[in-house]
Protein chains: 2
Amino acid sequence: MSISYAIEPRSSHVAASATGDLLDRMGVRMAFAKDEEVYGQDEDADLIYRVVSGAVRTSRVMSDGRRQIGDFYYPGDLFGLEPGPEHRFSAEALCDCVILVLKRTALKAAGGEAELANLIMDATMRELQRTQEHLLLLGRKTACEKVATFLSELADRRDADTVDMPMCRQDMADYLGLTIETVSRMLSQLQGASIVEFQGCRQFRIRNHDALARLAA
Amino acid sequence: MSISYAIEPRSSHVAASATGDLLDRMGVRMAFAKDEEVYGQDEDADLIYRVVSGAVRTSRVMSDGRRQIGDFYYPGDLFGLEPGPEHRFSAEALCDCVILVLKRTALKAAGGEAELANLIMDATMRELQRTQEHLLLLGRKTACEKVATFLSELADRRDADTVDMPMCRQDMADYLGLTIETVSRMLSQLQGASIVEFQGCRQFRIRNHDALARLAA
DNA sequence: CGTCATCTTGATTACGCTCAAGCTCCGTGG
DNA sequence: CCACGGAGCTTGAGCGTAATCAAGATGACG
């Protein structure tokens with residue numbers, strides 16, 4: 001595995017010490033290979049997952065193959081909270097990764113009842129918030145703005161100077177509602193305008209934060 | 001007001017007897033005129049709302065005026081649960097309507113703690129679910145499919161033979177990520193194909209459920 | 001070093017947007 | 001009761017952004 005991710009949850013997360021420990025104690029660590037399915041569309045949704053290392057995407061495929069990616073998840077993120085008895089989206093490993101898997105019922109029985117409820121509620125709220133931002137992006141942004149927003153967000157989430165991208169162009173395209181060709185063109189354009197700089201197609205550095213933020217709108 | 005909506009919550013709602021009553025007792029009924037703001041973008045989000053009669057839209061406006069509509073709400077629906085301390089979307093009355101307004105803290109104090117938490121959780125989950133469907137629509141559906149999906153859903157939510165639409169074309173367009181012209185063209189197209197039939201621009205009837213469902217995909 | 005998947009770039013097409021005109025539906029006032 | 005006016009909706013013509021189709025370039029890996 002060429003790309004590696006730190007294991008610590010990021011500071012913005014509520015999944016801190018106390019409940020984090022509870023999850024750790026109760027959960028089972030599982031390893032998934034790149035592109036392996038964590039759970040499938042229409043599977044029962046009675047498990048909760050947390051990324052330990054690596055990265056995950058959730059996606060939904062239409063009968064004719066068109067795909068929409070719901071979101072990407074990084075170490076510390078909870079996922080699999082999609083509502084209803086069954087998953088609407090499937091989840092796959094973006095790269096080799098380790099996932100902490102928890103049974104909801106087991107957690108409840110373990111007494112962390114209230115704490116757990118809060119944890120899930122927070123994660124669900126954050127999920128909803130991100131999904132709403134995603135709506136605006138898909139519905140009302142241009143290709144260039146979409147790509148700029150994507151890079152900007154990615155840099156924010158994993159705050160480092162140079163950012164590694166665990167996903168391929170097709171994943172980006174399906175997240176942004178574009179084609180890989182358009183994504184590629186926009187990336188070239190942003191690089192041409194000296195707003196970002198790529199070192200290989202999976203790693204970039206922001207050269208002009210203001211310009212990027214302006215495009216992300 | 002030419003269009004009127006029934007006051008009873010629809011059957012699919014959890015907000016049934018017990019908690020429904022609690023909400024009724026605790027909340028304040030308020031009347032809003034067409035296009036009046038229920039709450040604004042960036043306002044504090046410590047209230048919960050339920051549509052009593054009429055209909056509501058939530059929307060988000062970009063600095064240059066582009067608008068994305070989050071969802072439409074009908075009698076019985078809870079809204080205003082957007083996460084975080086502040087609203088990301090604003091809410092406006094689609095037509096003259098009556099809204100039940102509740103203070104979260106007051107509700108908690110009233111003892112309905114657990115019940116209330118469940119109610120909010122359910123509403124949030126449903127919200128997330130609908131938002132995820134919306135993602136797929138915005139990201140990967142064609143104009144025709146978007147409009148077909150919209151009509152189909154509207155008919156499902158308000159199950160009557162002929163369906164009244166409380167929203168104008170601009171609202172539809174901003175929900176679907178299209179322009180009013182494209183929405184109008186697609187509606188004409190669907191009517192031309194004998195899939196739906198319009199009696200005036202705010203009322204329609206589905207003539208071919210299968211075809212509509214197929215387009216909605 | 002060769003092979004294959006992934007990514008980029010180019011040429012062309014098409015879907016949906018823009019701009020513009022006309023139509024329909026209502027409310028208002030003569 | 002009908003004429004007028006205006007907002008909202010529909011339709012048309014032309015355009016532009018992103019999709020499609022098609023080569024190349026790059027890069028990872030055996």
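Naming: A, B, ... by sequence-line order, numbering from 1 per chain. Predicted, not measured: the structure shown is a model, and the values here were computed from it.
When the side-chain nitrogen and oxygen atoms of A:R185 are compared with OP1 and OP2 of C:dT9, none of them lie within a distance under 4.0 Å. Residue A:T142 has no polar side-chain atom (N or O) positioned under 4.0 Å from OP1 or OP2 of D:dT17. For D:dA7, the OP1/OP2 oxygens have no side-chain nitrogen or oxygen of B:R169 closer than 4.0 Å. Considering only side-chain N and O atoms, B:T182 lies nowhere under 4.0 angstrom from the phosphate OP1 or OP2 of C:dG16. Of the side-chain N and O atoms in A:S184, none sit less than 4.0 angstrom from OP1 or OP2 of C:dT9. Close to D:dA19, at under 4.0 Å from its OP1 or OP2, lies a side-chain N or O of A:T179.
For the pair A:R66 and B:E145, the salt-bridge criterion is met [side-chain N within less than 4.0 Å of a carboxylate O]. Under the 4.0 Å criterion applied to side-chain N and carboxylate O atoms, A:D174 and A:R67 are assigned as salt-bridge partners.
For the pair A:M186 CE and C:dG10 P, the computed distance is 13 Å after rounding to whole Å. Atom P of nucleotide D:dT17 and atom CG of A:L138 are separated by 20 Å, given to the nearest angstrom. The distance from atom CG of A:L178 to atom P of C:dT8 is 14 Å, rounded to the nearest whole Å. Atoms CE (A:M172) and P (D:dA18) sit 15 Å apart, rounded to a whole Å. Taking atom CG of residue B:D174 and atom C1' of nucleotide D:dG8, one finds them 15 Å apart after rounding to whole Å. Here C:dA20 presents its P atom at 15 Å from CD1 of B:I180, a figure rounded to the nearest Å. A:L176 has its CG atom 16 Å from the C1' atom of D:dT17, to the nearest Å. Separating the CD atom of B:Q191 from the P atom of D:dC9 is a distance of 15 Å, rounded to the nearest angstrom.
If you check the side chains of B:E92 and B:S90, you find a donor sitting under 3.5 Å from an acceptor. Under 3.5 Å, the side chains of A:S152 and A:T149 contain no donor-acceptor pair of N or O atoms.
When ring centroids are compared, A:Y39 and A:Y49 come within the 6.0 Å threshold.
At a cut-off of 3.5 angstrom, counting only N and O atoms as typed in the model, there is no donor on one side facing an acceptor on the other between the side-chain of B:E181 and the base of D:dC9.
Where A:F198 and A:R140 each meet DNA chain C at their nearest nucleotide, the meeting point lying more 5' is that of A:F198. Taking the nucleotide of DNA chain D with the nearest heavy atom to each of B:C201 and A:V183, the more 5' of the two is matched to B:C201.
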